[in-house]
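Below, read A as the first sequence line, B as the second, and so on, with proteins coming before strands; counting in each chain starts at 1. Note that the structure is a prediction, hence the values are computed from the model and not measured.
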2 protein chains.
Amino acid sequence: MNDIIFKLSASYLKALSHPTRLKILDILKDEELCVCKIFEALELEQSNVSQHLRVLKDQGILVSRREGANIMYRVKDKDVFNIVNKVKEILIRQLNETQDLLEKEGD
Amino acid sequence: MNDIIFKLSASYLKALSHPTRLKILDILKDEELCVCKIFEALELEQSNVSQHLRVLKDQGILVSRREGANIMYRVKDKDVFNIVNKVKEILIRQLNETQDLLEKEGD
DNA sequence: TTATCATATTAGAAAATTCTAATATGTTTA
DNA sequence: TAAACATATTAGAATTTTCTAATATGATAA
């Protein structure tokens, strides 16, 4: 029963757990963009980016709408940035701590 | 260059993106426990749990120490719960919104 | 020191993810 | 309508993840 929330959480986190997908979120931080702009920014294959966009959309993290021949993507809810920013914070702190240790070692 | 932080973030998130590993964090929320208690609580194979513990430890999320024949695991930094709790929050809100939509549909 | 207990590691099969290349779909323009 | 453009989908190979079963390691107790 509570199993469900662990499973859903794991799926959500899995959708975020790829460098390209994190980059996509970063690119879409403040603006809605068409696929063409996104994969141009990433310098990756169109079909590859399309697949990553789908993962994020399936998870409800992105939404899309058609505008003429283009499909525009945007972040559905800015809350996702709470998560990715927090992760960044934790990692940066970890890196600093490691560095401090190494410096002490150097004495 | 900035690629590195995306890669590190993705690795961190990937370590979290498995139901069993989220359950382990939940079990270790407020206490340090030996492997025997952890896999008993999870009702999973010892070797399987041991492998999941390793993933979390390799990522720096858990730490362990020997106590006699036992190995005790604990969460290294409670910050990780900011992340998993935030995910839970987002998912619960999503579920509620979906439910609201379904109820409106029912009119 | 041998047996036992607790945990980790390894091997290998099955499943899932990721990427590229090719193709399909839907839109606009000529 | 045909050609060109934007995006999605599919197929298939390579890689990674996950699990189970078996074995190894290391600590304690007999």
Enquirer: Just do the side-chain contact (heavy atoms from CB on, under 4.5 Å) check on B:Gln94 and A:Asp77 with the steps written out, would you?
Expert: CA-CA 10 Å; B:Gln94 267 183 21; A:Asp77 187 334; over 6 Å; no

Enquirer: Can you hop from B:Val63 to B:Val49 via hydrophobic side chains spaced under 4.5 Å?
Expert: no

Enquirer: Set out, line by line, the N/O atom pairs under 3.5 Å between protein and nucleotides 16-19 of chain C.
Expert:
unit_1	atom_1	unit_2	atom_2	d
C:dT18	OP2	A:Arg21	NH1	3.2
C:dC19	OP1	A:His18	NE2	3.4
C:dC19	OP2	A:Asn48	OD1	3.1
C:dC19	OP2	A:His52	NE2	2.6
C:dC19	N4	A:Gln51	OE1	3.4

Enquirer: Ring pair (Phe, Tyr, Trp, His ring centres under 6.0 Å): which pairs involve residues 13-45 of chain B, sequence neighbours left out?
Expert: B:His18-B:His52

Enquirer: Going by number, which of residues 56-69 of chain B have a non-hydrogen atom under 4.0 Å from DNA chain D?
Expert: B:Arg66, B:Gly68, B:Ala69

Enquirer: Is B:Gln46 side chain donor-acceptor paired with the C:dA8 base, going by distance under 3.5 Å alone?
Expert: yes

Enquirer: Decide yes or no on side-chain contact (heavy atoms from CB on, under 4.5 Å) for B:Leu91 and A:Ser9, but give the supporting numbers first.
Expert: CA-CA 7 Å; B:Leu91 290 173; A:Ser9 296; 3.6 Å; yes

Enquirer: Please tell me whether B:Leu42 and B:Ile61 are part of a single hydrophobic cluster in this structure, the criterion being side-chain heavy atoms less than 4.5 Å apart.
Expert: yes

Enquirer: Membership question, hydrophobic clusters at under 4.5 Å side-chain separation (ILVMFWY): are A:Leu44 and B:Phe6 in the same one?
Expert: yes

Enquirer: Return no unless some side-chain N or O of A:Arg54 is found under 4.0 Å from OP1 or OP2 of D:dA8.
Expert: no

Enquirer: In residues 26-43 of chain B, which ones come under 4.0 Å of DNA chain C, going by heavy atoms?
Expert: B:Cys34, B:Val35, B:Cys36

Enquirer: Checking the side chain of A:Arg21 only, and the main-chain atoms of A:Ala15 only, is there a donor and an acceptor separated by less than 3.5 Å?
Expert: yes

Enquirer: What is the distance, rounded to the nearest whole Å, between atom CG of A:Leu44 and atom C1' of C:dT20?
Expert: 12 Å

Enquirer: Could you state the atom-to-atom distance from NZ of B:Lys23 to C1' of D:dT18 in whole Å?
Expert: 15 Å

Enquirer: Check the pair A:Asn85 / A:Lys88 against side-chain contact (heavy atoms from CB on, under 4.5 Å), numbers first and verdict last.
Expert: CA-CA 5 Å; A:Asn85 289 335; A:Lys88 219 186 297 177; 4.0 Å; yes

Enquirer: Would you check, one step at a time, whether the test side-chain contact (heavy atoms from CB on, under 4.5 Å) holds for B:Leu8 with A:Leu95?
Expert: CA-CA 11 Å; B:Leu8 289 175; A:Leu95 287 174; 4.3 Å; yes

Enquirer: Do any N or O atoms of the protein come closer than 3.5 Å to N or O atoms of nucleotides 1-4 of chain D, and which pairs are they?
Expert:
none

Enquirer: Respond yes when some side-chain nitrogen or oxygen of B:Asn70 is under 4.0 Å from OP1 or OP2 of D:dA27, and no when none is.
Expert: no

Enquirer: Compare side-chain N and O positions of B:Tyr73 against OP1 and OP2 of C:dA6 and report whether any pair is under 4.0 Å apart.
Expert: no

Enquirer: Step through the shown structure and confirm whether more than 12 heavy atoms of other residues, nucleotides or ligands are within 6.0 Å of NZ on A:Lys76.
Expert: no

Enquirer: Atom CD1 of B:Ile71 and atom P of D:dT25: how far apart are they, to the nearest Å?
Expert: 15 Å

Enquirer: Could you list the donor-acceptor pairs under 3.5 angstrom formed between side-chain atoms of residues 22-37 of chain A and any protein atom two or more places apart in sequence or on another chain?
Expert:
unit_1	atom_1	unit_2	atom_2	d
A:Lys23	NZ	B:Asp3	OD1	3.2
A:Asp26	OD1	A:Lys29	NZ	3.3
A:Glu32	OE1	A:Arg65	NH2	2.8
A:Glu32	OE2	A:Arg65	NE	2.8

Enquirer: Roughly how far, to the nearest 0.5 Å, is the OH atom of B:Tyr12 from the CD1 atom of A:Ile90?
Expert: 3.5 Å

Enquirer: Would you say the side-chain atoms of A:Ser50 pair up with the backbone N or O of A:Ser47, donor to acceptor, closer than 3.5 Å?
Expert: no

